[in-house]
> 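I have a structure here, written as C-alpha cells, and I will follow up with some questions on it.
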There are 2 protein chains.
Amino acid sequence: MEHLEIFKALSNKTRLQILQWLKEPDKHFPNPHNNDFERQGVCVGYIQQKAGLTQSTISEYLSMLQKAGLLTSERNGQWTYYKRNEAAFKALSRIIKTDI
Amino acid sequence: MEHLEIFKALSNKTRLQILQWLKEPDKHFPNPHNNDFERQGVCVGYIQQKAGLTQSTISEYLSMLQKAGLLTSERNGQWTYYKRNEAAFKALSRIIKTDI
DNA sequence: TTGGTATTTCGGGAAAAACCGATATATCTC
DNA sequence: GAGATATATCGGTTTTTCCCGAAATACCAA
C-alpha cells in the first residue's frame with residue numbers, strides 16, 4: 001500500500017469506473033445466476049464486458065488495483081471474484097487528510 | 001477539480017514530495033529573507049533548488065498541481081508563490097470516502 | 001484424457017508522461 | 001531604455017502507460 005502506487009492505480013478513467021461499479025455491483029451488473037455480489041465480489045468477465053476493453057487489459061487493471069490494496073480477489077473454481085477493500089479507502093481518506 | 005486530474009497530479013514522486021514540503025515550509029526551506037511562508041507560500045526557485053530538477057520541470061509540476069486545485073499561486077513582483085490549498089485536500093479526503 | 005471456459009501473463013505498437021534545454025515573458029533596478 | 005532575475009512556455013528525447021492479440025495457465029466436465 002504505497003501512496004504513489006495507489007495514486008497511479010487511480011489515475012485511469014476505466015479503473016476509477018470499475019471502482020464505482022463495484023461499489024454497487026447489484027446496480028451495475030446483470031446477475032443471471034443470482035450471485036451474492038456483495039459478499040463474493042464480481043468475476044472478471046462481467047467487469048470486462050461492461051468496460052468494453054479486452055479481457056487481458058481488464059485482468060491487468062484488476063490486478064493493479066489489487067496490488068495497490070484497493071481490491072481483494074478470491075478464486076472460486078474457474079472464476080476470480082474481485083470486490084472493494086473498503087478499509088483501504090477509509091485508510092486512504094485518512095492518509096490524504098494527515099499524510100499528503 | 002476533476003478526480004482523474006487530481007490523481008494524475010498525485011502520481012509522481014516529486015510532486016508528492018513538493019506537497020509534503022509545502023505542508024511545513026519553515027521546516028523544509030531556508031528562509032534568508034524571513035518570508036512568511038505560511039501566509040504567502042514559497043517561490044518557485046526555492047522549490048526547484050530543493051527538488052533538484054530543472055526550473056522548467058518544476059514550474060510545470062507546480063502549474064499542474066495548481067490546475068488540479070491542490071495548490072494556489074500568487075504573483076508578487078518577479079516571484080510566484082505557491083502554497084497548499086488545504087480545503088482541496090479536505091474535499092479530496094471526503095471524495096475518497098464517499099464518491100470513489 | 002479431451003475439449004471448453006475463465007483468467008492471467010507475455011510481447012509489442014501507439015499514446016502519454018517525465019524531464020530536459022532553449023526561448024519567451026514579466027518584473028525589477030539603474 | 002539596457003541588463004539582471006524569476007517564472008512560464010515550447011520543442012524534443014526518453015521513459016512509462018495504455019491497450020491490444022496471442023499464448024499460457026487453471027479449472028471444470030464428460
Side-chain angles (χ1 to χ4, degrees), chain A residues 2-19 22 25 29-33 35 37 40-68 70-83, chain B residues 2-19 22 25 29-33 35 37 40-68 70-83:
Chain A
E2 189 50 52
H3 299 174
L4 188 55
E5 190 182 8
I6 295 175
F7 292 128
K8 282 188 178 177
L10 293 173
S11 294
N12 175 278
K13 208 167 185 174
T14 302
R15 290 193 295 267
L16 281 179
Q17 191 74 267
I18 291 171
L19 292 173
L22 292 180
F29 298 97
N31 195 350
H33 302 89
N35 292 316
F37 285 155
Q40 76 173 342
V42 180
C43 68
V44 180
Y46 286 1
I47 299 170
Q48 185 265 314
Q49 276 180 266
K50 187 156 177 78
L53 298 180
T54 63
Q55 197 277 322
S56 60
T57 298
I58 297 305
S59 178
E60 279 179 12
Y61 282 8
L62 292 171
S63 166
M64 188 175 183
L65 288 165
Q66 186 196 1
K67 273 174 196 140
L70 299 170
L71 296 181
T72 61
S73 76
E74 193 183 344
R75 180 114 195 183
N76 196 329
Q78 39 195 336
W79 291 275
T80 307
Y81 298 96
Y82 283 92
K83 66 177 169 185
Chain B
E2 189 51 51
H3 299 173
L4 188 55
E5 189 181 9
I6 294 176
F7 291 128
K8 284 190 176 175
L10 293 172
S11 294
N12 176 279
K13 209 167 186 173
T14 303
R15 288 193 296 266
L16 281 179
Q17 190 77 266
I18 290 170
L19 292 174
L22 291 180
F29 298 97
N31 195 350
H33 302 90
N35 292 317
F37 285 153
Q40 75 172 346
V42 180
C43 68
V44 180
Y46 286 1
I47 300 170
Q48 185 266 316
Q49 275 181 267
K50 186 155 178 79
L53 298 180
T54 62
Q55 193 275 323
S56 59
T57 298
I58 297 305
S59 177
E60 279 180 12
Y61 282 7
L62 293 171
S63 165
M64 187 174 183
L65 288 164
Q66 185 196 0
K67 272 173 196 142
L70 299 170
L71 296 182
T72 60
S73 75
E74 194 183 346
R75 180 113 197 186
N76 196 329
Q78 40 197 333
W79 291 274
T80 306
Y81 297 95
Y82 283 92
K83 65 177 169 184

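Reminder, nothing fancy here: chain letters follow the sequence lines and each chain counts from 1.
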> Nearest whole Å is fine: how far is D:dA6 P from B:Tyr46 OH?
9 Å

> Just verifying a value: how many Å separate A:Glu5 CD and A:Leu70 CG, rounded to the nearest 0.5 Å?
9.0 Å

> Whole-Å distance between D:dT5 P and B:His33 NE2?
13 Å

> Rounded to the Å, how far apart are B:Glu60 CD and C:dA24 P?
17 Å

> Which value, rounded to the nearest 0.5 Å, describes the distance between B:Tyr81 atom OH and B:Asn35 atom CG?
5.0 Å

> Has the side chain of B:Ser56 got a donor or acceptor atom sitting under 3.5 Å from an opposite partner on the base of C:dG21?
yes

> Between D:dA8 and B:Gln55, counting only base atoms on the nucleotide and side-chain atoms on the residue, is there a donor-acceptor pair under 3.5 Å?
yes

> For the side chain of B:Lys8, starting at C-beta, report the closest nucleotide among C:dC10, C:dA17, C:dC19.
C:dA17

> Ignoring hydrogens and geometry, is there a side-chain-to-backbone donor-acceptor pair from B:Glu74 to B:Thr80 under 3.5 Å?
no

> Scan B:Ser59 against the nucleic acid and name what it touches under 4.0 Å (heavy atoms): base, sugar-phosphate only, or nothing.
base

> Ignoring backbone atoms, test whether B:Asn12 places a side-chain nitrogen or oxygen under 4.0 Å from the OP1 or OP2 oxygen of C:dA17.
no

> Using whole Å, what does the distance between atom P of nucleotide D:dT17 and atom NZ of A:Lys67 come to?
13 Å

> Can you give me the closest heavy-atom contact between B:Leu4 and A:Leu10, atom names plus distance?
CD1-O, 3.9 Å

> Nearest whole Å is fine: how far is C:dC19 P from B:Arg15 CZ?
8 Å

> Is A:Thr80 near enough to C:dT7 that one of its side-chain N or O atoms lies under 4.0 angstrom from OP1 or OP2?
no

> Which part of the nucleic acid, if any, lies within contact of A:Ser11, taking any heavy atom under 4.0 Å across all strands shown: a base, the sugar-phosphate backbone alone, or nothing?
sugar-phosphate

> Nearest of C:dA17, C:dT7, D:dA6 to any side-chain atom of B:Gln78?
D:dA6

> Side chain of B:Tyr61: nearest nucleotide among D:dT9, C:dA6, C:dC19?
C:dC19

> Which residue, A:Trp79 or A:Thr54, contacts DNA chain D at a nucleotide closer to its 5' end, judged by nearest heavy atom?
A:Thr54

> Send over the distance from A:Tyr81 OH to D:dC27 P, rounded to a whole Å.
14 Å

> Round to the nearest Å and state the distance from B:Glu74 atom CD to C:dT27 atom P.
14 Å

> Would you mind classifying the nucleic acid contact of A:Tyr82 as base, sugar-phosphate or nothing, using non-hydrogen atoms under 4.0 angstrom?
sugar-phosphate

> Parallel, tilted or perpendicular: which describes the rings of B:Phe29 and B:Phe37, with under 30° parallel and over 60° perpendicular?
perpendicular

> How many whole angstroms separate atom CG of B:Leu53 from atom P of C:dA17?
18 Å

